[in-house]
Amino acid sequence: MNYIKSVAALCVAVAFLTGCDPGDFGDLNVNPNRPSEAYTSMLFTRSCTYIRYFTMTSSSYDPWPMEWTGYLSESKNNQYGSMQTTVSFGTADYYRYALKNLNLIIQMNEDEGKKNLASVLSFGSNANQVAAAKTLRAFFFMTLTDILGPIPYSEALKGESEGIWTPAFDSQEFIYASLDADLQEAYAQFDEDSSLSDADILYQGDISRWKKFNASLRMMMAIKLADVDPANGKSRFAKAYQDGGMTQVADGFHYTFGSDNNPDVPSYSWMYYVGNPDYALANQNFVPNQVLVEALKAYRDNRLFAYCDLNGYKGDREGDPDSFDSYFGVPFGLASPDAVYDIAAFCCSVDARYCEPQATYGIITTARTLLVEAEAATLGWIDADADALYQTGIRASFAFSGADGVDAYLQNPKVILSSDKAEALKQIVMQRFLAGFLTDGIEAWSDWRRYNIPELPIEPGQADVGITVYPYRMQYSDADKQYNVANAEAAIRTYLNGDDSRWQRVWWDVADND
């Protein structure tokens, strides 16, 4: 009896405190931090923030996409230079946040009961929301499969709707074909007579630039088929090129830190590497790689002065900041950089513009798109002037980096495009490397895997642990495997020769170019 009285008293108290009748608990169980009515604009902004991880790093500190492509090195130790630390790549956050949000945007805009809600239409027309979400979703899937190879795709994100909680892994060949078809469908859906709201922090609602990015994505996928499926590659590329990719520097797929109104997430270089004024000189753990610096010096390439400065981590270096001879990078993989390499005397630093808290980083630049088109023209895939595309791509890179002297640079004998097809292809890919500092991270790695450009030397700290070549892919994380064991094992067995290692190749990567 006392128990019954206590429960009754509790109900009355709750009713009083919540302003509702006894027996009606009103909004007591409503989480104010999880609104029941989702705004597609907020979902889209959240997904956009995930693109930043593909330029510098997949986590918060180790910039492996820049280390494995010849752009950055460690300045003080060999924590990552031995390539023994970063061995796996986890996809969970991309699926449960970025991709899930984009799928929800598509579903809400196609649902007759939701598509006309204010929480949906406030972001823009249904057609443009669907097309932009599909395009951004394709970018994530393309990048994830280029990192890992086979991944969950056709059955992914169907747990709540279809009860598929352990999705099968699809082959990269299937994923690429599906993404191309999906992107073509999205391209046709875009409506340039309307726009998206400023919740689109990537293109500020400009549909014409979304269409160019869509076509550029398709070209980037198609060009990777040159060695494994050239017929399909040529066909897909020609259609995307006809639709029209990026042409102006502003068309680039860029990310500006703080654009999501979150100043607590500053740029990577400011936070972790060289820019934080509270401990900048003590914390310059990553500096320009010797491979990049020496290549720029060999080409007398003024982008060196835009990418680097002489503010070494032990203090300002002496030397003429306008002289190529003043700049030196650090090899990646030295067993003990301080002991083997006199960093105080030789090390240049990342330029200050990359170290601003709200710095802008290129994820996919217009320069890359134009130079990919130059490769396709050289292969005979499109009816276009390869040299004109090549020169325009270089100009776009100089403009994006803020470097000067491009007219004289294009007259450099090392830069003038060769009439020999094989040599011209090497020059084009080399220019993509020179243009890719702190941009195009995974795409630059893809270029290296296809062409072995640039040549990446094995240093003592790598050779000592048995490394003979840089990785071709990332391994699956333990979490990705342990929650989907059967399908992960089937993918490894079927598509990766039974070996989930970093030295297995993804589908489009063949050994002929090594």
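One-based numbering along the sequence shown. The analysis underlying the following values was restricted to heavy atoms, covering all of them including side chains, and did not include hydrogens, waters or symmetry mates.
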Residue pairs passing the salt bridge (charged side-chain N to carboxylate O under 4.0 Å, His left out) test where at least one lies in residues 242-254, sequence neighbours excluded
K212-D251, R218-D243, K239-D243
F54 and F139: aromatic ring centres closer than 6.0 Å?
yes
What is the ring orientation for Y153 with F141, classed by angle as parallel under 30°, tilted 30 to 60°, or perpendicular over 60°?
perpendicular
Would you list the pairs meeting side chain to side chain donor-acceptor pair (under 3.5 Å) in which at least one residue belongs to residues 377-399, sequence neighbours left out?
R303-S397, D387-Q391, R395-D407
Measure across L136 and C48 and return the closest heavy-atom pair with its distance rounded to 0.1 Å.
CD2-SG, 4.1 Å
When you measure from the side chain of D111 to the backbone N and O of Q107, does any donor-acceptor pair fall under 3.5 Å?
no
Under a 4.5 Å cut-off applied to non-hydrogen side-chain atoms, are D227 and Y451 in contact?
no
Close side-chain approach of D440 to T69, heavy-atom, < 4.5 Å:
no
Separation between CZ (F123) and CD1 (I105), nearest 0.5 Å, reads 6.0 Å
Suppose the criterion is side chain to side chain donor-acceptor pair (under 3.5 Å): which pairs have a residue in residues 411-426, not counting sequence neighbours?
none
Tell me whether S323 contacts the main-chain N or O of D320 through its side chain, where contact means a donor paired with an acceptor under 3.5 Å.
no
With F433, the ring-ring contact (aromatic ring centres under 6.0 Å, His included) member among Y299, Y71, W448
Y71
Side-chain heavy atoms of L496 within contact of D499, under 4.5 Å:
no
N/O donor to acceptor pairs below 3.5 angstrom from side-chain atoms of residues 190-202, sequence neighbours left out:
from: D191; atom 1: OD1; to: D193; atom 2: N; distance (Å): 3.0
from: E192; atom 1: OE2; to: K211; atom 2: NZ; distance (Å): 3.1
from: S194; atom 1: OG; to: N128; atom 2: ND2; distance (Å): 2.8
from: S197; atom 1: OG; to: A199; atom 2: N; distance (Å): 3.2
from: D200; atom 1: OD1; to: L202; atom 2: N; distance (Å): 3.1
from: D200; atom 1: OD1; to: Y203; atom 2: N; distance (Å): 3.0
from: D200; atom 1: OD2; to: Q204; atom 2: N; distance (Å): 3.3
from: D200; atom 1: OD2; to: G205; atom 2: N; distance (Å): 2.7
from: D200; atom 1: OD2; to: W210; atom 2: NE1; distance (Å): 2.8

Go through M221 and L183 one step at a time and tell me if the side-chain contact (heavy atoms from CB on, under 4.5 Å) criterion holds.
CA-CA 11 Å; M221 287 194 295; L183 282 165; 3.6 Å; yes
Tell me the closest heavy-atom pair linking L371 and G393, and the distance in Å.
CG-CA, 4.2 Å
When you measure from the side chain of W64 to the backbone N and O of Y80, does any donor-acceptor pair fall under 3.5 Å?
no
Using only atom types and a distance under 3.5 Å, with no angle test, would you say the side chain of R236 pairs donor to acceptor with the backbone of M219?
no
Quick one: does Q129's side chain get under 4.5 Å of M108's, heavy atoms only?
no
Kindly indicate, with the supporting measurements, whether the criterion side-chain hydrogen bond (donor to acceptor under 3.5 Å, both in side chains) is fulfilled by D170 and S154.
CA-CA 7 Å; D170 292 300; S154 60; 2.9 Å; yes
What's the spacing between I428 CD1 and L370 CG if we round to 0.5 Å?
11.5 Å
Please identify each residue that fulfils ring pair (Phe, Tyr, Trp, His ring centres under 6.0 Å) with Y307, with sequence neighbours left out.
F437
Name the orientation class of the two ring planes belonging to F305 and F324 (parallel below 30°, tilted from 30 to 60°, perpendicular beyond 60°).
tilted
Donor-acceptor pair, K134 side chain versus D182 backbone, under 3.5 Å?
no
With ring centroids as reference points, do F89 and Y94 lie under 6.0 angstrom apart?
yes
For the pair Y327 (side chain) and P321 (backbone), establish whether a donor and an acceptor sit closer than 3.5 Å, ignoring hydrogens and angles.
yes
A168 versus E155, closest heavy-atom pair with distance:
N-OE1, 3.0 Å
Determine whether F213 and M246 make a side-chain contact, defined as any pair of heavy atoms from C-beta on separated by less than 4.5 Å.
yes
In terms of heavy-atom contacts, A238 and I382 come closest through CA-CG2, 4.2 Å
Excluding sequence neighbours, so at least two apart, what forms side-chain hydrogen bond (donor to acceptor under 3.5 Å, both in side chains) with Y470?
Q462
Is a side-chain N or O of D480 found less than 3.5 angstrom from the main chain of T91, in a donor-acceptor match?
yes
Tell me, please, which residues at least two apart from F174 pass ring pair (Phe, Tyr, Trp, His ring centres under 6.0 Å).
none
Within the 4.5 Å heavy-atom criterion, are I492 and Y476 side-chain neighbours or not?
yes
Look only at the side chain of Y97 and the backbone of Y50, and say whether a donor-acceptor pair between them is shorter than 3.5 Å.
no
Identify the heavy atoms of M66 and G436 that sit nearest to each other, and give their distance.
CE-O, 4.1 Å
Hydrogens and angles aside, do D260 and T45 bring a side-chain donor and acceptor to less than 3.5 Å of each other?
no
Nearest heavy-atom approach of N289 to G70 is CB-O, 3.1 Å
S235 (side chain) donor-acceptor with N232 (main chain) under 3.5 angstrom
no
Counterpart residues, side-chain hydrogen bond (donor to acceptor under 3.5 Å, both in side chains), relative to K234 (two or more places apart):
none
With sequence neighbours left out, the residues meeting ring pair (Phe, Tyr, Trp, His ring centres under 6.0 Å) with F398 are Y409
Just so I know, are the side chains of L310 and S326 near enough to count as touching, which here means a heavy-atom distance under 4.5 Å?
yes
Full working for salt bridge (charged side-chain N to carboxylate O under 4.0 Å, His left out) between R353 and D309
CA-CA 10 Å; R353 79 183 187 91; D309 66 35; over 6 Å; no
Is the shortest heavy-atom distance from the side chain of R137 to the side chain of L99 under 4.5 Å?
yes
Under the 3.5 angstrom rule, does the side chain of S73 hit a backbone N or O of F332 as a donor-acceptor pair?
yes
Does any pair with a residue in residues 371-380 pass salt bridge (charged side-chain N to carboxylate O under 4.0 Å, His left out), and if so which ones, sequence neighbours excluded?
E375-R432, E375-R450
Using the ring pair (Phe, Tyr, Trp, His ring centres under 6.0 Å) criterion, which residues pair with Y241? Sequence neighbours excluded.
none
State whether Y361 and R52 meet the cation-pi test: NZ (Lys) or CZ (Arg) under 6.0 Å from the six-membered ring centroid, and within 45° of the perpendicular axis.
no
Would Q504 and D500 count as a side-chain hydrogen bond (donor to acceptor under 3.5 Å, both in side chains) if you check the C-alpha gap in whole Å, the side-chain angles of each, and the deciding distance to 0.1 Å?
CA-CA 7 Å; Q504 288 295 315; D500 177 28; over 6 Å; no
Which pairs would a plain distance check flag for residues 144-151, meaning a side-chain donor or acceptor within less than 3.5 Å of a matching protein atom at least two apart in sequence or in another chain?
from: T145; atom 1: OG1; to: G149; atom 2: O; distance (Å): 2.6
from: T145; atom 1: OG1; to: Q172; atom 2: NE2; distance (Å): 3.4
from: D146; atom 1: OD1; to: Q172; atom 2: NE2; distance (Å): 3.1
from: D146; atom 1: OD1; to: Y176; atom 2: OH; distance (Å): 2.7
from: D146; atom 1: OD1; to: W508; atom 2: NE1; distance (Å): 3.0
from: D146; atom 1: OD2; to: Y176; atom 2: OH; distance (Å): 3.2
from: D146; atom 1: OD2; to: K224; atom 2: NZ; distance (Å): 2.6

